Structures are given as C-alpha cells and as structure tokens.
J.: 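Following this message is one structure expressed as structure tokens.
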Amino acid sequence: MPESVTDPRQLRLPPKRPIRLSWSDERVRGIVWQVFVVGIVGSLFWWLWSNTAHNLAVRRIATGFEFLRREAGLPIAEHLVDYNPTDTYFRALLVGFLNTLKVAVVGIVLATILGTLIGIARLSRNWLLAKLAAVYVEVIRDLPLLLQLLFWYALLQGLPGPRQAMNPAEGVFLSNRGLKLPWFEWTDAHSFALLAFVLGAIATWLYARQATAKRLLDGRNRPAWPFALLAMLAVPIGIWAAMGAPFTPDIPKLRGFNFQGGLNISPEYFALLIGLVTYTAGFVAEIVRAGIQAVPHGQWEAAQALGLHRGQVLRQIVLPQALRVIIPPMTSQYLNITKNSSLAVAIGYQDIVSIANTTLNQTGQAIEGIAIIMLVYLTISLSISLFMNWYNGRIALVER
Amino acid sequence: MAFGLSAMRTLAAAFAIGTAAPALAQAPAAPSGGPANTLDAVKARGTLACGVNTGLAGFAQPDSQGVWRGFDVEYCRALAAAIFGDANKVKLVSTTAQVRFTALQSGEVDVLSRNTTWTLSRDTSLGLDFPAINFFDGQGFMVKTSLGVKAAKELDGATICVAPGTTTEQNLADWSRSAAVKFTPVVIERLEEIVAAFVAGRCDAYTTDVSGLAATRAAQTKPADYLILPDVISKEPLALGVRQGDARFADIVRWTHYLLLAAEEFGITQANVDSMMTDPRPEVQRIVGKTGGLGPMLGLADNWGVTVLKAVGNYGEVFKRHLEPIGIQRGPNAQWNKGGLQYAPPFR
Ligand SMILES: N[C@@H](CCC(=O)N[C@@H](CS)C(=O)NCC(=O)O)C(=O)O
C-alpha cells in the first residue's frame, strides 16, 4: 500500500513491553483464545470431513476426483476450446468455466457502460430523460432476474425460423437460432496479430503515462497517438502480412436445417447476457448517481467558474472524484453478475454450474462437483476483488 | 438467487450427506452397512416421500384441482397403501432429471418413481438400487410435421432439444457418432422450458423417452402438428429407484410392482378384489393375503395386497387409466404371456 494512504494513527505505535506468561497479560489471553477457537473450528471440519467420507462409503457413493479423466459423453453446444462428447469430464468442465467467463467478462463491461450512462441520465437536466432513467432503475430492480431471463429467452424464441430469418445486411441473419455474422477462418497469423495488438495496447498505455509524467515536468506536449498507431496497428498488421496475410471469409449460409459457417451468437448466450446486463445496469446506475452526488457542489461551481462546460466538468472533475465512492460498491455488483450467471441453466446456456450439475448427476459425486463449482466462483470472485482493490488503492485520495 | 435453484438444492443435499447423523449410518439394524432403515423412518414420519417428474402428462402431472395424477403417481400411492394401508399418506416431490439422484441420496425422497433408466453406472456408483422395471421404453425423436422429416437419419445438421442429466443426452451423443449425424444440442433443465423452446422452433427436434414424447405430444393443443419418428435409438428400462443397501425397503418396492402385475395376470381388479377373497386358486389366496402370510414376510400387513389393489387397481388398469388416453400402447409392457416383457415371479 502506498505511504500516502496509511492511516496516520498507525504511525504512533504504543510502547513495547515484554510478554508475561500470565493470564492477566492480555496478549497471552488473546493467543490462548485464538488457539482454542482454531482448534474447535479445525475439529469441526475434521468431523465433517470424516463423517462425510464415512457416510459416502456406507451409501456406496464413489468419491475422489478420478472421474475427471473419464469420458464425459455429454454434448455441449458452445465451446471456446475444441470439445467433443468423447472428451473427458475435465475438458467439459473447462468448457463450462470458459463459458461462465465469457458471459461474466462481457457482462461486466457492458453493464458498467450501460449503468454509467443511465446513472448520468438520471441526473440529467432533461426532465424526460431523467424520469425515463428513474423508471428504468425502479422497474428493472424490482423484477426477479430469473423472470427477466425467461422473458428475454422467450422473446428471442419468438424470432422467425432460420428459413424466414431476417437479413438486415449482407451475410447477417437474425432468427430463433441466434445471430449469424460473417467471419473469417481464424489462423495462427490472426492469433499472433491479436497478441501483438494486446501487447501494443499495454505498451501504449505505459508510453502515455510516461508522456504525462514528463509533461508535468517540462510542460512539453508529447502526443501518444503516433506511438499508438505504430504499436497497436502497424506492428500487428505487419506480423499478419509477414505470415502470408491469410484471409478466407466465412459467410453464413442456410444449408439444411440451420445456418452453416460464420460467427454465431446463440439465443441462450444472448438472452443471458442481455438479462444480466440490463438487470445489473440498474444497480450500477444507482451507484454512479450516488457517487456523482457525493461530489460537493462546490466542485461543479469552481470548475464552471474556470470556464469548463458541463460535459468537461463531468468527465474531468466530477467523475474522477466520484470514482472513489463508486468503486467499492461496484466490486460487489461485478461479483453479483458472476454469481447470477449461474441462472444460465434455466435458459439452456451451458455454464460451469450446468455442466458440473450434469457431471455430478452422472458420476454421483455431488460433493466433488459442488467443490469444483465453489472453486471456480471463488477464483473468479477473488480475481475481481483483488483487481478492484488494487484499482481502488490507485485512485484513492492522495493526501498531500 | 445467487446460485441456480438446482445448485442450491444440490448444495443442501451434499451438506445433508456431510452432516447426516453418523449414529444412523452405523445402525446395527442395517448389517450390510446400509443407511438407515427406510421403512422405519417412513413409518415414524407418517408419510412416504416419493420423487416424481416436474409435470409430464400421463406420468405425473397436477390435474385442474391441483391433485397429482399419473402412472408414476399411482406407484407412489400403491407404496403408501402397502406401508400405511392408506394411499394418501404420500408426499409427492417433483424433481428435475438433473437433481433426482441427489434428492434420493440425501433423503429428501425415499423412492424415485420418475422415468428413470436403470443403467450399470447409476446402479453401482450413485448409491442407488433399481428394484423393478415398471415401464420398458426407448429413446425417440419428435419433430414438427411441417419440417417434412420422416426418419432420424435425416436430422443431420439439426438443432435438438434435450434435458441435462439424462441418459437421453448421452445416447444422443453416442448415436450422433455412430450414425454420423451432426447436431447442435440445446440443453435446458426444466421440462416445461425445453418443450416451450421446441414448440417455439428453437430446435428442429426434441428427444427423450418415447413415452415422454407421446405425453408431450398429447399435451399440445394440436398434437397432429407433431410427429414422433419411428426410430428408437436406445433401451430405456424405466425403473423405480431406492437408496442402495436397504434390501428390506427394496423388497417392498419390488413386490408392490409385482403385486400389480400378478393381479392383472390373475384377473384381480380394483372392483373385484373383495370378491376374490373367495377365489379358490391358491396363488390368488396368497395375493389377497388369505393364506401364505406373505405380507408379514415383507414387514407389511397380511391384507397389504387388497389395500394396494383397492387403491390403484392392477398394472393393466393403471396403464389403461393413465397411458392409453395419451396414445401409449402396451407393446413391450404387455404381460409375458401376451407377448410382452412384464413378468411377476411367483407369489409363494
Ligand atoms: N429415462 C431418461 C430420461 C428421464 C427424464 O427425466 N426425461 C424427461 C421427460 S421424459 C424429463 O423429465 N426432464 C426434466 C424434468 O422433469 O424437468 C433418464 O433416466 O435419464
């Protein structure tokens, strides 16, 4: 933690004194109590564990994680990595984990954007806009999420069948089988170019930071865009070209029952994503609104006195300060999106819970299955928390 | 709300196994090392907890008065009649395909009477036993008549709706491989939701046990719009399920099924069971409990057979009442002496 955010009270420690091995020493008492409590909790866990193992053995229910190497035999519609029903349970669960990530990550990004816009709209001086935003927030937060998901799913199922699909643009088809988009055959060259782009983006960010730091010293403006253009565009394209510039378009075509080829966004994924995003955006909007309102009015007035217009004040003065209030409750919304994504099973999106449930149904290993689900959510949740705490620390009020 | 409903249920079940009183599990009353004596537990509780489907016409579905009816429900009632002498002392618990085994393992239900296929791995590694097959079935496909498909092999490239945690799901994957038919699955947990997706056209075909297809088809406003394809891609012996290691309770479940079969074989019906008390045939006398003392051998009353048959009737009657109206024929479920597979061992 940077020095600047240390609580000043911690700088004045009480004087040290030696420990006396006596009940009257509060530190000795503290240690004894802690050992005692840890012992109780430990034995409780031990009892639970051995009792479970015993009961499972008595009930002849298989135990252990050996099943992970067995053939899963379950069909999965959407997978980010190659998958076949002949693959192992481990791979099936991995597919489920990636599917959960796919909806959680995209959901978090979109809910943040939508929620922020609605939160700002609620404070708008435009009466209609403000009221619409308020109604949105009230309605969306009052309806159970499961109901909303089922609603979106039913709505998407109401689209025409593949043979009558809507065709708003060349190669784009919208039907009850999902949204089909033109795409191209992905090759190694594209993977490398993508990697170069990501590295380029990081490099650009570092460069821009440096440039700002230097500008604060000497006042000279060093624009970042030439560097960005080079790192994020020229280099990736160069790599792609050097690898033979492969490009084979993959346009969806109606063949037999369904569209073949192209990029597919399934109704299940789409319904889950819209449901999670619109629902969570309602909460995010309130957090953003509260955050903006927490910034003292004097800040607005002072900024306007400097001649900044409303948009500038919001972006440059108010939002950066509001962020400090916004980030901590936002973390719990991100955790909620992740956990709520497990409602996927109701509308047929095969996330980690859906696949783990089927796995434990087939293997009977409920405890192992639940342990895997918990491990996955714990990992995602801890990653979100750690990242958000780090970010929160970065933007925390710097005392000068 | 954080986790799906079924996940919550599984979690609770897993916890129940973890904390189940060890004293019960070690009870000397179960020398095979089996869990608690189910019969005593059921008697002490006063009701039998019976796991049924979430709503499948003909098998288990609430009628307009909210009373659950169907083939599977009759088995629950028959068991309650056998144990308590009162068919109403039963609590029906609806379970999805995915959570049914956890519900049984954790003690939420005492017996499963819900379209459950007996397989080797379920028998050996799930802590279950399957005392009796009460319906011989197989897996099929249903499509909309308008699709113009007449056979399963024409389904190449189709989208197929299926319930998770079923043999259906696994058979579908197997069949796709061996028949070289590619498909996209849509896997939805609740039956109601799967059927809705299929009807809305999300899937080209819906696959499950043929009996389930017939039930779903019959429940549609225009059944003629749907076609069950002639192909049957698997064997689905639908059996009653109990927890493993409680042989006494398994015997009760098994012989209650055989009672319904034997009664049909000997012409004992719901209506004539009282007059059968005077029937001279020795096996009939043993079935109605006049001689032989068979009931007490199962831990039941002497007249258990009469009580059960009065409550639900024989196998043929149950079948006729619930399955014939939705167009299911006896087929392999006919008596052994009528060309079917249903065969009750001797009541002796
Ligand atoms: N017999 C198969 C399928 C059983 C089954 O449950 N199938 C459908 C209906 S036929 C179903 O009930 N689905 C889910 C639900 O009850 O909600 C099995 O034992 O795995």
Side-chain angles (χ1 to χ4, degrees), chain A residues 48-49 51-52 54-62 73-77 85-86 144-146 150 153-154 156-158 160-161 176-177 255-258 260 266-268 336 339-340 342-348 350 353-358 360-367 369-370 373 377, chain B residues 1-7 10-11 13-14 17-20 22 25-26 33-35 97-102 105 121-122 124-128 147 155-159 162 164-165 169-170 172-174 176-177 183-190 193-194 196-197 200-202 204 243-245:
Chain A
L48 215 68
W49 177 259
N51 192 34
T52 303
H54 172 83
N55 280 348
L56 287 175
V58 163
R59 286 160 204 225
R60 315 233 168 105
I61 298 172
L74 38 116
I76 305 179
T86 44
L145 177 56
L146 182 60
L150 292 174
Y153 193 41
L156 292 178
Q157 284 177 357
N176 61 11
R177 303 301 160 86
R255 216 174 301 135
F257 298 99
N258 284 317
Q260 313 285 331
S266 73
E268 289 75 27
N336 278 348
K339 287 181 279 180
N340 284 339
S342 65
L343 289 171
V345 68
I347 55 167
Q350 290 170 292
V353 175
S354 161
I355 289 173
N357 272 345
T358 303
L360 67 87
N361 168 287
Q362 286 179 6
T363 60
Q365 293 178 260
I367 296 183
I370 292 291
I373 295 178
Y377 281 104
Chain B
M1 181 79 136
F3 284 96
L5 201 67
S6 59
T10 322
L11 191 62
I17 292 177
T19 52
Q26 290 154 349
Q98 215 178 33
V99 304
R100 59 189 149 166
F101 302 126
T102 337
Q105 287 161 355
S121 62
R122 284 178 179 175
T124 53
S125 57
L126 296 191
L128 308 179
L147 194 67
L155 286 173
D156 194 24
T159 304
V162 62
E169 186 183 25
Q170 295 167 296
L172 182 62
D174 284 359
S176 146
R177 223 180 332 146
F183 73 99
T184 309
V186 172
V187 184
I188 305 179
E189 186 181 5
R190 284 185 68 91
E193 248 69 69
I194 314 172
R202 172 68 185 97
D204 300 301
R243 280 181 290 276
Q244 191 160 26

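Protein chains get the first letters and strands the later ones, always in sequence-line order, with residue 1 at the start of each. If you're wondering where the values come from, they're calculated on a predicted model, not measured in any experiment.
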J.: With the side chain counted from C-beta on, respond yes when A:V345 and B:Q98 share a heavy-atom pair under 4.5 Å apart, and no when they do not.
T.: yes
J.: Are the side chains of A:N361 and B:F101 in contact, using a 4.5 Å heavy-atom criterion?
T.: yes
J.: For the residue pair B:A196 and A:Q157, what are the closest heavy atoms and their distance?
T.: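 That closest heavy-atom pairing would be O-OE1, 4.0 Å.
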J.: Name the member of B:A158, B:S176, B:A173 that forms the most heavy-atom pairs with chain A at distances under 4.5 Å.
T.: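 The option with the most such pairs is B:A158.
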J.: What part of B:T159 lies closer than 4.5 angstrom to a heavy atom of chain A: side chain, backbone, both or neither?
T.: both
J.: Could you tell me which of A:P267, A:A154, A:G256 has the largest number of non-hydrogen atom pairs under 4.5 Å with chain B?
T.: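 Sorted descending by pairs with chain B, the first entry is A:P267.
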J.: Any side-chain heavy-atom pair from B:R177 and A:P85 closer than 4.5 angstrom?
T.: no
J.: Using heavy-atom distances under 4.5 Å, tell me whether B:E169 contacts chain A through its side chain, its backbone, both, or neither.
T.: both
J.: Name the region of A:Q362, side chain, backbone, both or neither, that has any atom closer than 4.5 Å to a heavy atom of chain B.
T.: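 Both backbone and side chain of A:Q362 come within 4.5 Å of chain B.
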J.: Looking at every non-hydrogen atom in both residues, tell me the closest pair between B:R202 and A:S266 and how far apart they are.
T.: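 Smallest interatomic distance, heavy atoms only, reads NH2-CB, 4.4 Å.
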J.: For A:T358 and B:P164, which heavy atoms make the closest approach, and how far apart are they?
T.: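 Closest approach of A:T358 to B:P164, heavy atoms only: OG1-CB, 3.6 Å.
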J.: Under 4.5 Å from any heavy atom of chain A, what part of B:L155 do you find: side chain, backbone, both or neither?
T.: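 It is both, since atoms from each part get that close.
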J.: Given the options A:I355, A:L156, A:T363, which has more heavy-atom pairs under 4.5 Å with chain B than any of the others?
T.: A:T363
J.: Looking at CD1 of A:I367 and OG1 of B:T102, how far apart are the two atoms once the value is rounded to the nearest 0.5 Å?
T.: 11.0 Å
J.: Write down the atom of A:F257, the atom of B:L147, and the distance for their closest heavy-atom approach.
T.: CE2-CD2, 3.6 Å
J.: What pair of heavy atoms forms the shortest contact from A:A77 to B:T184, and how long is it?
T.: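 Looking at all heavy atoms of both residues, the closest pair is CB-CG2, 4.1 Å.
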J.: Determine whether B:V187 and A:E268 satisfy the following criterion, side chain to side chain contact (heavy atoms under 4.5 Å, CB included), listing intermediate values before the conclusion.
T.: CA-CA 10 Å; B:V187 184; A:E268 289 75 27; over 6 Å; no
J.: Flag the pair A:R177 / B:D204 as yes when at least one side-chain heavy-atom distance between them is below 4.5 Å, and no otherwise.
T.: yes
J.: Looking at every non-hydrogen atom in both residues, tell me the closest pair between A:A346 and B:E193 and how far apart they are.
T.: O-CG, 3.8 Å
